[in-house]
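Single-structure report; data block below.
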Amino acid sequence: MLNIAIFASGGGSNAEAIINHLKDHPYLSVRLIVSNRKSAGILDRAKKHGIETLLINREGFYETKDLTAKLNAYQIDLIVLAGFLWLIPEYLVQAFPNRVINIHPALLPKYGGKGMYGHHVHQAVFDNKEKESGPTVHYVNEHYDEGNIILQARCPLAPTDQPEDIARKVLSLEHQVYPVAVEMVGRFIQNGEI
Ligand code: GAR
């Protein structure tokens, strides 16, 4: 089995889509949910699915660096960021080379970087009167939203679409493509291709 840890800070709708998609998968298993927010909706969802959770704080994450040992104890092979808003520190990227992936709710390299998350992204897309948007799945390096792109999906935007409409369209695409992308990266690892 290849063990996946999903990191999430918020509601966790992407995390749940991945959990549902990988249920009964022959070699991929969502082993752990990691969150930095005690009140994050994802923790309830994890409980419902009987998946173990780990709550982290800023000091443990950036200073004591004990997360690597914890992830190793769970034999984690792949880290999947799903609405996780803290920058991944260098020690973790190095401990998991090509083994950390993220979804961003815009067509990178546009609308990425620090401060570009959630509604800020969709507001910027709206302000610039973009004709399309969509999520990007990418490998994670030490910089926000800069790792190699794995896949993107696009949806057309109507001139009447408000930022909330854009958010809804993009999130619905995220639920379709992220589980498939996670499965694809899992297959790369299983086949020794990355
Ligand atoms: C998703 O739209 C995801 O792309 C975004 O947060 C949302 C989480 O929703 N991530 C970022 O903005 C990262 N820069 P969810 O908790 O319902 O999956």
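Note that ligands are numbered from 1 as they come in the structure, with each ligand's atoms numbered from 1 the same way. Since the model is a prediction, treat every value here as computed from it, not as a measurement.
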>> Can you name the atoms of ligand 1, numbered from 1 with element, that are less than 4.0 Å from a heavy atom of Met116?
In response: 14 (N)

> How far is atom 12 (O) of ligand 1 from its nearest protein heavy atom, and which residue and atom is that?
Replying inline: Gly118 N, 3.1 Å

> Looking at atom 14 (N) of ligand 1, what's its closest protein heavy atom, distance included?
Replying inline: His104 ND1, 3.4 Å

> In ligand 1, which numbered atoms sit nearer than 4.0 Å to a non-hydrogen atom of Tyr117?
Replying inline: 12 (O), 14 (N)

> Would you say ligand 1 has an N or O under 3.5 Å from any N or O of Gly12?
Replying inline: yes

> Of the protein's non-hydrogen atoms, which lies at the shortest distance from atom 9 (O) of ligand 1, and what is that distance?
Replying inline: Asn14 ND2, 4.0 Å

>> Return the closest protein heavy atom for atom 11 (C) of ligand 1 as residue, atom name and distance.
In response: Pro105 CD, 3.6 Å

> So, for Tyr178 and His175, is the gap between ring centers shorter than 6.0 Å?
Replying inline: no

> Tell me: protein heavy atom nearest atom 6 (O) of ligand 1, and distance?
Replying inline: Gly83 CA, 3.7 Å

> If you count the atoms of ligand 1 from 1 in the order shown, which ones are under 4.0 Å from a heavy atom of Ile103?
Replying inline: 4 (O), 10 (N)

> Parallel under 30°, tilted from 30 to 60°, perpendicular over 60°: which one fits the rings of Phe84 and Phe7?
Replying inline: perpendicular

>> Just to confirm my output: which protein heavy-atom neighbour is closest to atom 15 (P) of ligand 1, and how far is it?
In response: Ser13 N, 3.4 Å

> Looking at atom 2 (O) of ligand 1, what's its closest protein heavy atom, distance included?
Replying inline: Glu174 OE2, 2.8 Å

> Taking NZ, NE, NH1 and NH2 as the nitrogens, is one of them in Lys48 or Glu16 under 4.0 Å from a carboxylate oxygen of the other?
Replying inline: yes

> Taking atom types as modelled and ignoring hydrogens, do the side chains of Arg37 and Ser39 form a donor-acceptor contact shorter than 3.5 angstrom?
Replying inline: yes

> Is any side-chain N of the basic residue among Arg187 and Glu193 closer than 4.0 Å to the acidic one's carboxylate O?
Replying inline: no

> With no hydrogens and no angle check, do the side chains of Asn102 and Tyr139 hold a donor and an acceptor under 3.5 Å apart?
Replying inline: no

> Side-chain donor-acceptor pair under 3.5 Å between His49 and Lys23, yes or no?
Replying inline: yes

>> Is it the case that the side chains of Glu174 and Asn14 hold a donor-acceptor pair, with the cut-off being a distance below 3.5 Å and no angle test?
In response: yes

